[in-house]
Amino acid sequence: MKEKILSELKLRVGKTSLSEKTISDYIAGILPFITDEAQLTDQFYTTQVAAIKSMDGNFSHDVAAQVDEAKKNLVPTPPITPQTTPPITPQVTPPVEEKPQWAKDLDAKLSAIEQANLTAQKQAQRAQLIESVKKIALTKDAANEKSGWATNAGVLETAVRLVQIEDADTVETVGQKCQQEYNSLYKSHFGAANAVPGVGGGGREETDWSEEKRRLQERGDLPKDLK
């Protein structure tokens with residue numbers, strides 16, 4: 001699957017200053033969150049192409065600017081005047097030459113770009129992870145007894161936004177966190193009779209969440225910017 005994604009992304013991205021290894025490493029980072037080839041939609045590729053082009057644009061622009069600035073600050077080394085009789089000097093270990101300031105600045109800039117690219121990659125991975133969990137939660141699959149446990153898309157959307165996702169999380173662990181948060185919201189605001197069982201949907205009617213969410217936001221129990 002990795003080679004298939006790599007081939008399609010290279011075709012869609014086109015000319016880029018990023019190496020194939022960089023793109024391959026990026027794909028390796030999001031691959032654990034792709035559980036089914038059905039996820040490889042046009043929307044999936046559009047999202048990944050945008051992330052890769054953003055990485056490419058940031059890297060090319062900033063490196064070129066730093067190199068040009070470094071060239072302007074270079075001071076030519078003055079020629080050494082030969083001496084007829086060189087003085088006798090003791091053998092000493094030459095001091096380690098410190099990097100010039102422009103080189104330090106360039107290193108810092110490249111480090112910042114690398115960190116920004118890493119953050120963008122993590123955000124893309126997190127979005128892919130959340131979409132996978134929501135799909136499993138809302139779609140009942142006979143082959144997966146842990147699927148289809150959410151019957152209210154509004155409550156699920158709120159639960160997903162309240163869950164803290166760690167770097168080491170997987171589709172399974174995030175699904176467990178979301179299911180716990182989902183249960184808590186149902187029990188707190190719709191009563192225990194509407195609570196979600198540990199596994200499976202159960203065919204309950206969906207309760208309108210929009211009015212309840214508005215009331216909770218006005219009371220301060222939920223963030224006002226929560227969509």
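When reading the values below, keep in mind they use all heavy atoms of this one structure, side chains included, and skip hydrogens, waters and symmetry mates. Note that the coordinates shown come from a computational prediction; the quantities given were computed from them, not determined experimentally.
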**OP:** Would you please name every residue forming a side chain to side chain contact (heavy atoms under 4.5 Å, CB included) with Gln101, sequence neighbours left out?
**Re:**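 By the side chain to side chain contact (heavy atoms under 4.5 Å, CB included) rule, Gln101 matches Lys104, Asp105.
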Original post:
Is there a path from Leu118 to Phe33 through hydrophobic residues (I, L, V, M, F, W, Y) whose side chains come within less than 4.5 Å of each other?
Top reply: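 Different clusters.
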Would you mind reporting whether [Y] and [X] have side-chain heavy atoms less than 4.5 Å apart?
X: Leu156; Y: Trp149; value: yes
X: Phe44; Y: Ile34; value: yes
X: Ile5; Y: Tyr45; value: yes
X: Glu8; Y: Leu40; value: no
X: Asp42; Y: Arg12; value: yes
X: Glu20; Y: Leu6; value: yes

Subject >> Partners meeting side chain to side chain donor-acceptor pair (under 3.5 Å) with Thr22 (sequence neighbours left out) >> reply: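 Ser19.
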So, does [X] use its side chain to make a donor-acceptor pair with the main chain of [Y] at under 3.5 Å?
X: Thr47; Y: Gln43; value: yes
X: Lys2; Y: Ala28; value: no
X: Asp169; Y: Glu166; value: yes

Drop me the distance from [X]'s [atom1] to [Y]'s [atom2], to the nearest 0.5 angstrom.
X: Lys4; Y: Ser7; atom1: NZ; atom2: OG; result: 10.0 Å
X: Lys177; Y: Gln164; atom1: NZ; atom2: CD; result: 7.0 Å
X: Leu9; Y: Ile23; atom1: CG; atom2: CD1; result: 7.5 Å
X: Ile30; Y: Gln48; atom1: CD1; atom2: CD; result: 4.0 Å
X: Trp102; Y: Asp107; atom1: CH2; atom2: CG; result: 9.0 Å

**OP:** Show the numbers, then the answer: is there a side chain to side chain contact (heavy atoms under 4.5 Å, CB included) between Gln39 and Met1?
**Re:** CA-CA 11 Å; Gln39 295 175 239; Met1 186 183 296; over 6 Å; no
**OP:** Could you name each residue pair satisfying side-chain hydrogen bond (donor to acceptor under 3.5 Å, both in side chains) that touches residues 118-130, not counting sequence neighbours?
**Re:**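 Matches after skipping sequence neighbours: Lys122-Asp167.
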Original post:
Going by an N to O cut-off under 4.0 Å, is there a salt bridge joining Lys135 and Glu131?
Top reply: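 No salt bridge links Lys135 with Glu131.
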Subject >> Criterion side chain to side chain contact (heavy atoms under 4.5 Å, CB included) against Leu129, the qualifying member of Thr173, Ile165, Thr170 >> reply: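 Considering Thr173, Ile165, Thr170, a side chain to side chain contact (heavy atoms under 4.5 Å, CB included) with Leu129 is found only for Ile165.
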Subject >> Leu138 versus Ala150, closest heavy-atom pair with distance >> reply: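 That closest heavy-atom pairing would be CD2-O, 3.6 Å.
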Subject >> Cys178 to Val133 - nearest heavy-atom pair and separation >> reply: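 Closest pair (atom of Cys178, atom of Val133, distance): SG-CG1, 4.1 Å.
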